[in-house]
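A short write-up of the structure that comes next.
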Amino acid sequence: MKCFIFGAGATANCDIANPDRRPPMARTADFLRIVEKPLNGTLASSDYAARFLNPFCVWAFQRFDNLEYLFTLLFMLSFEDSFENIEAKLRGKYTDESWLDDAVLVAGKLQFAIVPRNIITNLIGLVRDEIQLCLGTTGPYPSRYEFQPLSIQHRQLVRALKPGDAVVSFNWDTVVDYALLNERLLNEASFQNPSFSTICMPDDYKIEGPSVLLIKPHGSFNWFSTLPTGLESAKIGVFFGKLYEGTDFMTSPPVILPYLYKEPILQQLPVFKKEIALTYQALADCDELVVIGKQFMTGDADLADSIKQSCKYRQRRVVYVNPQVKDSAWVKHHDAVFNATNTDQPKRLFSGIDSYINLL
């Protein structure tokens, strides 16, 4: 079984990424750009954002260099009903958490302007607008792409997969999702998470036989829920196409989870806990792994030990497609995490997608 891992670098550096305003990764400069130079028609360009959201984000993005950490703080605050006595409530719930003081600090910046449950929705809206505008269009001020843009590179990549293989995408965008769809490698059976109650494929779309598994441990822009929070009791739907009025899925924010400290969130949101478990199983089962634009040394470093535990009973051939392959310590670390059997073999380290595709 072959498994592909896709990370933010697979999107931000691919053929449909805007070279003049690249899709944001985990860099402060990328996120500051969203609110300091907002694009027309986005949440960041609204009067509400100008008055409140953008100034808060400028402060927060500069104050917290690790943006996954900031998003974790906001996510934990979103479970509170109000900001009344917020410090006492947080200190009562999260006494031993290392992020507690920072959560209290952020709450103090928010409590006069917004209810807690809305702040993570607002931040998701900012990021979703930016990513969707920066894929498939060009220029420093791109216009919205009319249809889902297709990456030729991603389609070439997934053609190396066979039914029964797996894709683990840590990206909220749907670039690899649509690549699989257009290569007719995706169907309802691709989604194994029992938390999904609806898989909505395009009209008249059907493939014969088995499909490729698609696993998204951070959620996706095309996941929707009946509830913005409390997802343990909500319906989760995966939609390729529009959400129509009259359905049970009318919430505007997609279900995505930008987190750093995962355990407190995974305990409350089983959909993500189950998707993480599917990730570990896919890695344990594969005998060939291709890691594209993703790393587990700083970003998602807390997953590395669990991945290593999952992979220890079986060795696998591992290929890396990432500029960081030039760092031997980075390669050695990931070889140990994935239990690589081909550590001394040539032609397994590629600094870019193009160079890897040329060898397929």
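All of these numbers come straight from a predicted model, not from anything done at the bench.
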Among side-chain atoms of Asn222 and Thr174, is any donor-acceptor pair under 3.5 angstrom? no

Hey, is [X] close enough to [Y] for a salt bridge, meaning N to O under 4.0 Å?
X      : Y      : answer
Arg21  : Glu130 : yes
Asp173 : Lys216 : no
Arg184 : Glu208 : no
Arg317 : Asp287 : no
Arg27  : Asp30  : yes
Asp335 : Arg348 : yes

Looking at [X], I'd like to know if its [atom1] atom is crowded, meaning that more than 12 non-hydrogen atoms belonging to other residues, nucleotides or ligands lie closer than 6.0 Å.
X      : atom1 : value
Asn66  : CG    : yes
Leu105 : CG    : yes
Lys308 : NZ    : no

Take Leu213 and Ser190, measure what side-chain contact (heavy atoms from CB on, under 4.5 Å) needs, and give me the verdict at the end. CA-CA 4 Å; Leu213 299 179; Ser190 299; 5.5 Å; no

Take Asn40 and Ser45 through the side-chain hydrogen bond (donor to acceptor under 3.5 Å, both in side chains) test and state the conclusion after the steps. CA-CA 6 Å; Asn40 290 335; Ser45 67; 5.5 Å; no

Determine the interplanar angle of the [X] and [Y] rings, folded into 0 to 90°, and report it as parallel if under 30°, tilted if 30 to 60°, perpendicular if over 60°.
X      : Y      : answer
Tyr320 : Phe338 : tilted
Tyr94  : Trp99  : tilted
Phe52  : Phe56  : parallel
Trp172 : Phe71  : parallel

Using side-chain hydrogen bond (donor to acceptor under 3.5 Å, both in side chains), reason through Asn322 and Gln295 one step at a time and then give a plain yes or no. CA-CA 9 Å; Asn322 194 313; Gln295 54 100 4; over 6 Å; no

Determine the sole option in Leu100, Thr95, Asn85 for which the side-chain contact (heavy atoms from CB on, under 4.5 Å) test with Leu90 is passed. Leu100

For a salt bridge (charged side-chain N to carboxylate O under 4.0 Å, His left out) check, start with the C-alpha distance between Asp102 and Arg63, then their side-chain angles and the critical distance, and finish with the verdict. CA-CA 10 Å; Asp102 285 332; Arg63 173 65 176 76; 3.8 Å; yes

Show, in sequence, the C-alpha distance, side-chain angles and deciding distance for Asp285 and Gln281, and conclude whether the side-chain hydrogen bond (donor to acceptor under 3.5 Å, both in side chains) test is met. CA-CA 6 Å; Asp285 290 344; Gln281 189 62 53; 2.9 Å; yes

Candidate pair Leu214 and Asp177, rule side-chain contact (heavy atoms from CB on, under 4.5 Å), full reasoning: CA-CA 8 Å; Leu214 177 58; Asp177 310 39; 3.6 Å; yes

Given Tyr313 and Asn339, is the side-chain hydrogen bond (donor to acceptor under 3.5 Å, both in side chains) satisfied, shown in steps? CA-CA 9 Å; Tyr313 298 106; Asn339 197 10; over 6 Å; no

Show, in sequence, the C-alpha distance, side-chain angles and deciding distance for Phe240 and Tyr205, and conclude whether the ring-ring contact (aromatic ring centres under 6.0 Å, His included) test is met. CA-CA 11 Å; Phe240 288 87; Tyr205 177 85; 8.2 Å; no

Could you walk me through whether His154 and Cys14 pass the side-chain contact (heavy atoms from CB on, under 4.5 Å) check? CA-CA 8 Å; His154 280 66; Cys14 77; 3.6 Å; yes

Out of Phe296, Phe4, Phe6, Phe272, which residue meets the ring pair (Phe, Tyr, Trp, His ring centres under 6.0 Å) rule with Phe170? Phe296

Taking a hydrophobic cluster as the set of Ile, Leu, Val, Met, Phe, Trp and Tyr residues connected by side-chain heavy atoms closer than 4.5 Å, whether directly or through intermediates, do Tyr48 and Leu123 fall within one such cluster? yes

Show, in sequence, the C-alpha distance, side-chain angles and deciding distance for Lys93 and Glu80, and conclude whether the salt bridge (charged side-chain N to carboxylate O under 4.0 Å, His left out) test is met. CA-CA 11 Å; Lys93 288 183 179 181; Glu80 302 300 322; 2.9 Å; yes

Where do Pro210 and Pro163 come nearest, in terms of heavy atoms and distance? O-CB, 3.4 Å

side-chain contact (heavy atoms from CB on, under 4.5 Å) between Leu303 and Ile276, worked out: CA-CA 9 Å; Leu303 293 180; Ile276 287 281; 4.2 Å; yes

